[in-house]
Novice: 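Pasting in a structure now, in structure tokens, and then I'll have a few things to ask.
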Amino acid sequence: MTTTAARATGTAEGFKPWTRPEMAARLAKDIPEGWCVNLGIGIPLLVSNFVKGREVIFHSENGIIGMGGLQKPEELEPWLVNAGKQNVNLVTGASIVHHADSFAMIRGGHLDLCVLGAFEVAANGDFANWTTSLKDGVPAVGGAMDLAVGAKRLWIIMDHTSKDGRPKLLEQCALPLTALKAVGRVYTNLAVIDVGPQGFEVVDMAPGLSMEALQAQTGAKLKRKAP
Amino acid sequence: MTTTAARATGTAEGFKPWTRPEMAARLAKDIPEGWCVNLGIGIPLLVSNFVKGREVIFHSENGIIGMGGLQKPEELEPWLVNAGKQNVNLVTGASIVHHADSFAMIRGGHLDLCVLGAFEVAANGDFANWTTSLKDGVPAVGGAMDLAVGAKRLWIIMDHTSKDGRPKLLEQCALPLTALKAVGRVYTNLAVIDVGPQGFEVVDMAPGLSMEALQAQTGAKLKRKAP
Amino acid sequence: MIDKRVKSIAEAMQGIKDGSTVMFGGFGAVGSPVHLIEGLLEHGAKELTLVGNNAGTGRVEPLARLLASGNVRKIICSFPRSSGSVVFDEMHKAGKLELELVPQGTLAERIRAAGAGIPAFYTPTAYGTALGEGKEVREFNGRMYLLEHAIRADVALVEAWQADRWGNLTYKLSGRNFNPIMATAAELTIVQAQHIVELGAVGPEQIHTPGVYVKRVVHVPYGDPAPALATTA
Amino acid sequence: MIDKRVKSIAEAMQGIKDGSTVMFGGFGAVGSPVHLIEGLLEHGAKELTLVGNNAGTGRVEPLARLLASGNVRKIICSFPRSSGSVVFDEMHKAGKLELELVPQGTLAERIRAAGAGIPAFYTPTAYGTALGEGKEVREFNGRMYLLEHAIRADVALVEAWQADRWGNLTYKLSGRNFNPIMATAAELTIVQAQHIVELGAVGPEQIHTPGVYVKRVVHVPYGDPAPALATTA
């Protein structure tokens, strides 16, 4: 087998893609104390496990400012749920608002950061994460479009390629868009990539991965971020 | 002196114009229990003295729902003021909201009634109450325009004529308008007059006053309200 | 004396007509006025347009049964699909239930606008996406926005924690969600309250919804919502 | 640790530039951040645009002195005129102070819109009046509305009853008024708080303004506003 193919699947000696907790930890490292952050459902939620020691305020679009972790069985408070409708705790200092006020906070630019998953991210910051098809199945959108346009920064956390190995970072999205020119940064299992004025700029790579191997798994031109 | 002139000044034997408390009491009679009512500054505020025995909820546009009367000296709570910035009480069941929510309640049609004073009311329901001139002096508008377009009903309480005897009920307003086609009913010291599709309709008159005498002091055609 | 309390859910439903637009609060199970939704099903009004965040789970809960009844023509919703939204999926696929899909924040703001007497407003959400197609676009300060219209309802079904005879309400924790804004956006706001309290029992600064917005209150001390199963937003 | 408390009013004013738009809460004296307004005067920023309901009373209170200082270019206001608004009257008549007169509800909604990311909305208020002249008009469902734009500020000066180190706030009674919406509508929201409380001292359902909106909190236990003299709205 070729080196490139080996690297693409992450099995070459000397290189391992980041695991999901590693991806979340890498992202969490970039969140300073004091930010108000909304974490999407799925991998983004893992980020909250890696900010210990810093006060970061987690927002949940159903009206929680100051969300804590998932409830343990003995803590059950069924009147508290997050956006994924899991039972969660509040932290000390938390507050509750209604849905219009919660989305006013989002749309008005009061969240420092939103972290979402995505199917595709384009080099101009467009991204697609809400539906794979407008024709099949029943679509649902939730708060993704509001979060994408409202938060001060939108970071995407996702695998670098789809399950069948196709690139998810592209020149242009093929799937229905969630928002235009919204993404600031992408954290994948292979790299951390900024969306700059001229397209994708590699900030960081999983240890042992080469720029060439990363480019081979990416559907748009990469350049190194100027230090 | 002529009968008409005598009636016009309310000095003819057998006729006395309503006093301000009588005007307020007459208006209060038409407020059913359970209404939410905003009373403007001045004569309108007197209305609250005449709804005893009925639960009527008074709204103040600075965010009080359930305003009580003026504070007595021994009750002083300086953190409670009405729209006229007088210290007032709350009634049991009162609530406080912020200014945007208070005017959302007004603009959204949630007040059953607003009672305002006016300089002029036109037969089509236009009225003027916020400034006598856009050129002289410093204008101020407050909440009058919002209340006028927002409340389910707008009733005006005012003297029938100006201090110098000119009619205040007119075919058309001359002063800068507060709102168009907004007034439903006018309570004056001489009569209660509806603004109907064809203009002013007299509902009630001060005892002893004739339709002719009332018409003589009115700047637009009056007709009797069909019973 | 103002007393908005009614004795039964059937009484609370009186006068709801065929063709009505009916909002219902709740984010998943929390703050969902399930007994009122069940009452609406029993009341039997047809050709309804529903407005809410979700479109039901399973086949047993009242919202799923209301959809299954065929009494609903259309639903305006942000997150109809979930792992358990089987009835919605079936009805929608069969062409028996129209869907207007609205981003969650736009849905909330359109409801709030209706209650606030704002007929329409501009929002950046959904510009350039499939959900913005056909909508009026306008630029402000170099950014593109969509014109969105208020959603007003004939009836709002609201779940509250406390209510008094004036209809003053509080909500418990995440039970707040869409309930306060829906209470403002309907001709007829009906509340199912866990607790009926004396007038004045809740302080003036702690009331979440002034009673002015509420027409009827029915006491339904049903207890906690089911512990939430993780689904999606 | 998040700690938005600053030690002095001078520190709270740091960075406010000439040409800034500055909102101030309060409805008359109640809820007015008088010490912050005084601080703004002492800070000395010029060419200011102020946004608030009133335009000061007498010659001694900070707002009147700020206007008299000549540091204010323009005021956006619903009720500038009152029996005591002598400085405003003089400055305005002398052409030294521009006035944008806005109906009170439109003022509140324009501020709220800025905080909510809504660049513009339609309202029926002032249609057909002198205050609607020159504004864009549009019909919705047979009724006429004006287009009104959000008012965003560089700085909001807010008076609160309680504040914690995150900037979570409560307001006392009528002291709420414009304060919560202004807190959402500025880049730099500065709070003068009567009481500093421990994080968690106010329950999550009782906080009126989440701290996310607040940048700086200064403790000013100044006591009650002066008993109100009846003027007009």
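Quick caveat: nothing in here was measured; it's all calculated off a predicted structure. Naming: A, B, ... by sequence-line order, numbering from 1 per chain. Hydrogens, waters and symmetry mates are skipped; everything else that's a heavy atom, side chains included, is used.
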Novice: Would you say the side chain of F79(C) lies within less than 4.5 Å of the side chain of V141(A), judging by non-hydrogen atoms?
Specialist: no
Novice: How long is the span from the CG atom in D224(C) to the CG atom in L76(A), to the nearest 0.5 Å?
Specialist: 7.5 Å
Novice: Under a 4.5 Å heavy-atom cut-off, does chain C meet the side chain of D101(A), its backbone, both or neither?
Specialist: neither
Novice: Are the side chains of V30(C) and K85(A) in contact, using a 4.5 Å heavy-atom criterion?
Specialist: no
Novice: In terms of heavy-atom proximity below 4.5 Å to chain A, should I111(C) be classed as side chain, backbone, both, or neither?
Specialist: neither
Novice: Does any non-hydrogen side-chain atom of E109(C) lie less than 4.5 Å from one of R107(A)?
Specialist: yes
Novice: Tell me whether T129(C) contacts the main-chain N or O of T178(A) through its side chain, where contact means a donor paired with an acceptor under 3.5 Å.
Specialist: no
Novice: Can you tell me if R54(A) has over 12 outside heavy atoms packed within less than 6.0 Å of its CZ?
Specialist: yes
Novice: Quick one: are L101(C) and W130(A) in side-chain contact, heavy atoms under 4.5 Å?
Specialist: yes
Novice: With a 6.0 Å cut-off (strictly less than), is the heavy-atom count around NZ of K152(A), excluding the residue itself, greater than 12?
Specialist: yes
Novice: As an exercise, state the distance from NE2 of H208(C) to CD1 of I96(A), rounded to the nearest 0.5 Å.
Specialist: 9.0 Å
Novice: Which answer fits F88(C), side chain, backbone, both or neither, if we ask what part of it has an atom under 4.5 Å from a heavy atom of chain A?
Specialist: side chain
Novice: How many angstroms lie between CG in N62(A) and CD in Q104(C), if you round to the nearest 0.5 Å?
Specialist: 7.5 Å
Novice: Might you point out which heavy atoms bring R81(C) and P139(A) nearest each other, and give the distance in Å?
Specialist: NH1-CA, 4.1 Å
Novice: Any idea how F27(C) and H99(A) line up, ring-wise: parallel (<30°), tilted (30 to 60°), or perpendicular (>60°)?
Specialist: tilted
Novice: Just wondering, are more than 12 heavy atoms of other shown residues or ligands nearer than 6.0 Å to CD in E75(A)?
Specialist: yes
Novice: Check this for me: K135(C), atom NZ, are more than 12 non-hydrogen atoms of other residues, nucleotides or ligands nearer than 6.0 Å?
Specialist: yes
Novice: If you take all heavy atoms of W79(A) and G31(C), which pair is closest and at what distance?
Specialist: CZ3-N, 4.1 Å
Novice: Please flag which part of S85(C) lies under 4.5 Å from any non-hydrogen atom of chain A: side chain, backbone, both or neither.
Specialist: neither
Novice: Flag the one option from L90(A), V88(A), V149(A), T131(A) with the top tally of heavy-atom pairs under 4.5 Å to chain C.
Specialist: V149(A)
Novice: Taking all atoms of both residues into account, what is the closest heavy-atom pair of L180(A) and G128(C), and its distance?
Specialist: CD1-O, 3.4 Å
Novice: Of all heavy-atom pairs between P103(C) and D146(A), which one has the smallest distance, and what is that distance?
Specialist: CB-OD2, 3.5 Å
Novice: Under a 4.5 Å heavy-atom cut-off, does chain A meet the side chain of R110(C), its backbone, both or neither?
Specialist: neither
Novice: Are side-chain heavy atoms of N179(C) and H98(A) found at a separation under 4.5 Å?
Specialist: no
Novice: Under 4.5 Å between any side-chain heavy atoms of E77(A) and K172(C), yes or no?
Specialist: yes
Novice: Has R138(C) got more than 12 heavy atoms of other residues, nucleotides or ligands less than 6.0 Å from its CZ?
Specialist: yes
